[in-house]
Protein chains: 2
Amino acid sequence: MDQPSKPIPTIQQVARAAGVARSTVSRAFTRPDMLNPATVARVMEVAAALGYAPNQVARALSTGRYGNIALIVPDVANPFFPPLIRAAEARADDAGLCVFLGDTDEDPAREDRLIGKLAAQVDGFVLASSRLAEDAIRAHRGRRPIVLVNRDVEGLDRVLIDSASGTAAAVRHLHDLGHRRIAYIGGPPSSWSNQQRRSAVLRAAEDLGVTAVEVAAQRPSYEGGVAAAPAVLSARTTAAIAFDDLVAQGLLAGLAGLRIEVPAAFSVIGCDDVLGARTYPPLTTISSRSNDAGRTAIEILLDQLSSGVSRGAAHVLGTELIIRATTASPGPARPI
Amino acid sequence: MDQPSKPIPTIQQVARAAGVARSTVSRAFTRPDMLNPATVARVMEVAAALGYAPNQVARALSTGRYGNIALIVPDVANPFFPPLIRAAEARADDAGLCVFLGDTDEDPAREDRLIGKLAAQVDGFVLASSRLAEDAIRAHRGRRPIVLVNRDVEGLDRVLIDSASGTAAAVRHLHDLGHRRIAYIGGPPSSWSNQQRRSAVLRAAEDLGVTAVEVAAQRPSYEGGVAAAPAVLSARTTAAIAFDDLVAQGLLAGLAGLRIEVPAAFSVIGCDDVLGARTYPPLTTISSRSNDAGRTAIEILLDQLSSGVSRGAAHVLGTELIIRATTASPGPARPI
DNA sequence: TTGAAAGCGCTACCAT
DNA sequence: ATGGTAGCGCTTTCAA
């Protein structure tokens with residue numbers, strides 16, 4: 001089985017065969033309105049006969065417009081990103097753009113290298129949850145249009161998921177159910193999202209007169225959630241809001257392992273809605289619609305690309321509480 | 001906020017800054033062995049300082065090689081794919097290649113269009129679980145090297161995940177635990193994977209003298225799994241092997257809803273290992289290491305690219321049983 | 001070991 | 001309305 005190998009015709013051959021200049025062939029493809037219709041027709045005919053199609057690479061080199069964009073994420077396998085990637089890809093595709101995907105493996109150096117490598121063949125970047133230092137981001141911004149997702153850098157275009165609104169609703173939901181002592185299981189202290197969620201829980205709790213205690217998950221992972229179960233219980237809380245769905249899922253498992261029934265004996269709320277209704281019981285969670293974030297980021301980038309101007313604005317997306325089956329009124333007090 | 005203006009450094013600037021010719025810079029990146037090590041070092045240093053990376057587009061125009069490949073999947077959000085994508089991306093990146101990602105949304109027409117659009121700027125394709133008709137695949141194969149994943153087209157390079165081995169091990173595991181009547185919860189009848197798994201279960205069961213009954217999941221999804229729970233019980237089986245982890249997870253939930261304890265009263269085995277240990281109880285499953293498939297596909301493509309020849313061979317990847325906590329000896333018989 | 005220069009295929013500016 | 005031509009950034013002979 002050998003490799004494919006039919007020779008590809010160039011603009012030159014079409015020009016020769018049609019008896020015109022290369023520039024005329026070029027125009028027939030890019031600005032037909034500038035040409036005599038008869039000429040266009042003849043050129044196109046010859047081109048078709050020869051099986052000619054403009055070489056995108058040569059065109060890109062000449063125009064500096066690539067028809068490509070790059071989407072960079074820290075970890076494709078983190079369930080937060082696939083919906084975002086999918087939506088971004090779909091939107092970009094609609095606009096006729098091809099998308100490069102970069103996985104930085106959570107490593108800033110790798111992210112930096114990736115961006116540098118891609119910079120010469122894309123019209124712009126979407127950086128999701130970038131781990132880069134702010135000045136590194138700004139430096140790249142000096143070369144190519146960039147839209148950030150979940151990263152708040154002043155003066156850059158960015159789409160931010162405002163978990164505060166959904167989080168407040170979650171606390172209210174718990175309060176309405178009768179909970180008066182709840183836990184927040186935190187994520188990475190340096191994470192923008194975590195800071196947001198944490199302070200939103202604290203504030204809402206205070207407003208409603210419920211006590212909020214903070215429990216740190218060793219790591220923002222399933223395992224971290226499992227490990228948080230005893231702490232949450234010994235803090236005598238009756239409900240917990242977790243940094244994200246993975247932590248919540250772990251907490252569910254940890255609780256089950258301790259023979260605590262959810263939601264009868266304890267209520268759990270996740271964040272991000274990446275699990276759908278696939279936990280048991282189906283997880284009540286704060287949806288952050290990462291797909292919307294992906295689509296929106298592309299739209300902002302498209303706008304930036306066509307207008308040639310960056311608004312440098314924060315585009316914030318609301319969140320909402322999705323009530324499923326891990327929340328209920330607190331059961332009778334139980335011994336520690 | 002205006003558009004970026006700082007230019008991307010070219011080979012020329014690096015040459016000037018390093019006090020050498022452009023060709024020397026070029027060689028420092030492509031054939032460092034041809035140069036004085038000291039020169040290479042200096043050039044690389046300057047390049048790094050300037051943030052220079054070779055322009056793939058210009059390089060492509062000159063060499064005819066793009067330094068890009070495309071990875072096409074039916075649905076980024078299907079948990080089977082992210083690990084595959086991640087591994088493929090990592091391997092390609094190691095080889096210095098950039099990767100385009102295409103999501104076909106399970107639509108053959110879209111897949112076809114995507115491939116056509118990308119063909120002009122990639123050296124080759126990896127098509128994962130392609131939904132294209134065989135002749136469409138062959139047609140594209142005529143233009144660009146292609147490696148298939150989970151699609152068995154004679155004469156093309158392909159990596160196939162052989163679930164048969166792991167499935168047989170699963171049946172044996174169940175048999176050893178004392179199960180004598182098990183269920184297979186099927187997936188899409190037209191799916192190559194499902195056919196494989198189904199027949200493997202049936203064959204292994206027959207060999208071991210266990211009765212296997214087939215239960216169709218309405219859909220190969222979490223919901224399908226939930227819905228299969230009553231059927232599995234009324235068939236008086238004591239264990240089930242599900243088409244994939246999602247179905248298994250659904251079954252777990254369905255069983256829990258019916259107050260059947262897993263694994264005490266019923267054993268469940270999934271397939272693909274996309275959930276890790278994140279179910280409760282942690283799911284025993286047949287690992288299909290989709291990440292290996294992704295990495296392997298890239299390696300085959302790289303080989304094809306460098307040798308200029310396609311072996312047209314099937315590369316089959318074994319699977320193995322990962323025993324976690326959803327399997328145990330059957331409990332006492334229970335009334336329906 | 002390094003430099004100079006000719007393209008790769010196309011676009012866009014300047015002429016005509 | 002059309003032709004001529006100078007690059008776009010890089011690789012790759014050919015010389016030195």
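All chains are named by letter (A, B, ...) in the order of the sequence lines, taking the proteins before the strands, and each is independently numbered beginning at 1. The analysis underlying the following values was restricted to heavy atoms, covering all of them including side chains, and did not include hydrogens, waters or symmetry mates. None of these values were measured; they are calculated from a predicted model.
- Put simply, the side chain of B:S306 gets close to the backbone of B:L302: a donor and an acceptor are under 3.5 Å apart.
- With a cutoff of under 4.0 Å to any heavy atom of chain A, the contacted region of DNA chain C is bounded 5' to 3' by C:dG9 to C:dC13.
- A salt bridge links A:D152 with A:R158: the distance from a Lys NZ or Arg NE/NH1/NH2 to an Asp or Glu carboxylate oxygen falls below 4.0 Å.
- Ring orientation note: the planes of A:F100 and B:F100 are close to parallel, at an angle under 30° on the 30°/60° scale.
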Can you give one letter per nucleotide of nucleotides 9-16 of chain D, 5' to 3': B if a protein heavy atom sits under 4.0 Å from the base, S if only from the sugar-phosphate, - if neither?
BBBBB---

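- A salt bridge is absent between A:D107 and A:R110: the closest approach of a Lys/Arg side-chain nitrogen to an acidic carboxylate oxygen does not fall below 4.0 angstrom.
- Between the P atom of D:dT2 and the CG atom of A:L35 lies a distance of 5 Å, rounded to the nearest Å.
- Atom CZ in A:R16 sits roughly 15 Å away from atom C1' in D:dG3 (whole-Å rounding).
- Between the CE atom in B:M34 and the CZ atom in B:R27 there is a gap of 5.0 Å [rounded to 0.5 Å].
- Ion pairing of A:D292 with A:R295 is present here, as a side-chain N (NZ or NE/NH1/NH2) and a carboxylate O approach within less than 4.0 Å.
- Side chains of B:N68 and B:Q56: a donor-acceptor N/O pair is absent below 3.5 angstrom, by distance only.
- Counting heavy-atom neighbours within 6.0 Å of B:Q12 CD, excluding the residue itself, gives a total above 12.
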